[in-house]
2 protein chains.
Amino acid sequence: MDRAATDVNRPTLIKKQTLHDQVADSVRDLIIEGYLEPGTRIDETALVEQLGVSRTPFREALRTLAAEGLVIIRPSKGAVVRKLSSQDVLSMLEVLAEIERLAGKLTIKRASQAELDELLALHDEMMAYYADRDRLPYYKLNQKFHSRLAELSGNDTLREVQSNIQARLKRIRFIGNRHEDSWSGAVADHEQMAIAIREKDGEKLGDVLAGHLMATWDRVKNTF
Amino acid sequence: MDRAATDVNRPTLIKKQTLHDQVADSVRDLIIEGYLEPGTRIDETALVEQLGVSRTPFREALRTLAAEGLVIIRPSKGAVVRKLSSQDVLSMLEVLAEIERLAGKLTIKRASQAELDELLALHDEMMAYYADRDRLPYYKLNQKFHSRLAELSGNDTLREVQSNIQARLKRIRFIGNRHEDSWSGAVADHEQMAIAIREKDGEKLGDVLAGHLMATWDRVKNTF
DNA sequence: TATGATTCTATTGTATACAAAATACAAGTA
DNA sequence: TACTTGTATTTTGTATACAATAGAATCATA
């Protein structure tokens, strides 16, 4: 789960990464980016061939992804990409809302002015892309904004849980922003966040974040 | 992460469990129960021998435990039992507090009367053991009370996150209850929970739960 | 034709074998 | 003595081989 942070802390030239980690990363991306659709069986033989590794590291990687909740391993019957029910998504958003509420409160309490400015810079950049209706970079910056907020909370467990849930939801949240009107609603939320950050009002920031996530639910719940 | 629930949902006679799952369970228990101390290297050869399995399922199990945050795999240098810093514990308790606050709110909102009664029954049983100062059964019932509460929230993600953090903290929380005075404090919290459940006051239940967990921090923070 | 037993095949689970890397150790040098 | 440098040993990483299981296909029978 903690992969991102540890990689970052390692000098980039010496990329000591074991094969099953690389495989886990690859397959994770395949799932998150939708190349492996939810519900589809993971064809060990085919993917092993495609990735050019043997079954051993591949299966170890699968176990990791299973623990992360991205795949389900059915004993003797192969692994499938986890399919999220509307219940699943609701439960994740409920938890994520409280996680980010806490992130907001802690970040205001603990982050330095420079760090808060960094968040605001991300926000401004997002808004610029919104002005151009440039969806993909907006989406990416949005992810980054929330991740960075979690980091600045100074709470590693929070960051880990947030990152895990975010990964599971990634595809679905992208869907949620497809309609212009819901997009503008999300943008309005983000403006409120920026205000709360400038005011250094942790409670308010937390409330806006939580509300923002539950609004995501309203946007996606009909797509099931 | 989801191990508990799936096991429960499977008829006990047909224990279709793959070897690496059993191994993961065994090693998890060894860690939680303190037979493998934090920081110690996990001797693959020795444990494989002791468990009577080959390295393949054992290593797969290790990957699972790594994703659960119980062990750290250092590439080419073996796995070690994760050692929690005081920072780690604080961050887990902060998150757990908000998770259980949510659990309290949702459970009051969603659980049936029979289910609430079940929680109250667990509570009464705990109190009986406290009256006898019988620590171990009290401790086990306490775990069960919190787990059951998370289940009754009707939110699977919540249950999963709670169960994972709880597993990581298990040993430490046991330490926290070693002193008579802090134990009585915990018991007082639990009486408040029972009252909130009877009153069906979700906010209050959530507050008490969160406070209870942060009080745990006060109890253990000096042991580092 | 439909049903059900029975093989056959494909896939998964586990063990072992081999390769690569890290660590421990020893000998030599300053 | 302290510090290299090289070698041996242990440990880890990966591939392959073999075993067990599930699912598909075949055939027989009603």
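Just so we're on the same page: letters track the sequence lines, and every chain starts at 1. All of these numbers come straight from a predicted model, not from anything done at the bench.
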* Asked: If only side-chain N and O atoms of R41(A) are considered, is one of them under 4.0 Å from the OP1 or OP2 phosphate oxygen of dT12(C)?
  -> yes
* Asked: Can you tell me if H146(A) and Q166(A) form a side-chain donor-acceptor pair at under 3.5 Å?
  -> no
* Asked: Quick one: is dA20(D) close enough that its OP1 or OP2 comes under 4.0 Å of any side-chain N or O from S76(A)?
  -> no
* Does a salt bridge link E68(A) with R28(A), judged by any charged N lying under 4.0 Å from a carboxylate O? -> yes
Give each protein N/O atom lying under 3.5 Å from an N/O atom of nucleotides 7-9 of chain C, with the pair distance.
none

* To do: Hey, can you tell me if Y138(B) and H190(B) have their rings parallel, tilted or perpendicular (30° and 60° cut-offs)?
  => perpendicular
* With a cut-off of under 6.0 Å to the ring centre and 45° to the axis, is R219(A) in cation-pi contact with W183(A)? -> no
* Q87(A) and N155(B): side-chain donor and acceptor closer than 3.5 Å? -> no
* **Side-chain H-bond candidate by donor/acceptor type, R168(A) with N164(A), under 3.5 Å** => yes
* Strictly by modelled atom types, are T18(A) and D21(A) linked by a side-chain donor-acceptor pair under 3.5 Å? -> no
* Asked: Which residues, if any, of residues 42-56 of chain A bring a heavy atom under 4.0 Å of DNA chain D?
  -> V53(A), S54(A), R55(A), T56(A)
* Figure out the NZ/C1' separation between K77(A) and dG23(D), and round it to whole Å. => 10 Å
* Asked: When the distance from CG of L19(A) to P of dT12(D) is rounded to whole Å, what number comes out?
  -> 17 Å
* Asked: Roughly, in whole Å, what's the span from CD in Q17(A) to C1' in dT12(D)?
  -> 17 Å
* Structure fact -> Rounded to whole Å, CD of E60(A) lies from C1' of dT12(C) at a distance of 16 Å
* Whole-Å distance between dT12(C) C1' and R74(A) CZ? -> 11 Å
* Short side-chain donor-acceptor distance under 3.5 Å, S85(B) and D88(B) -> yes
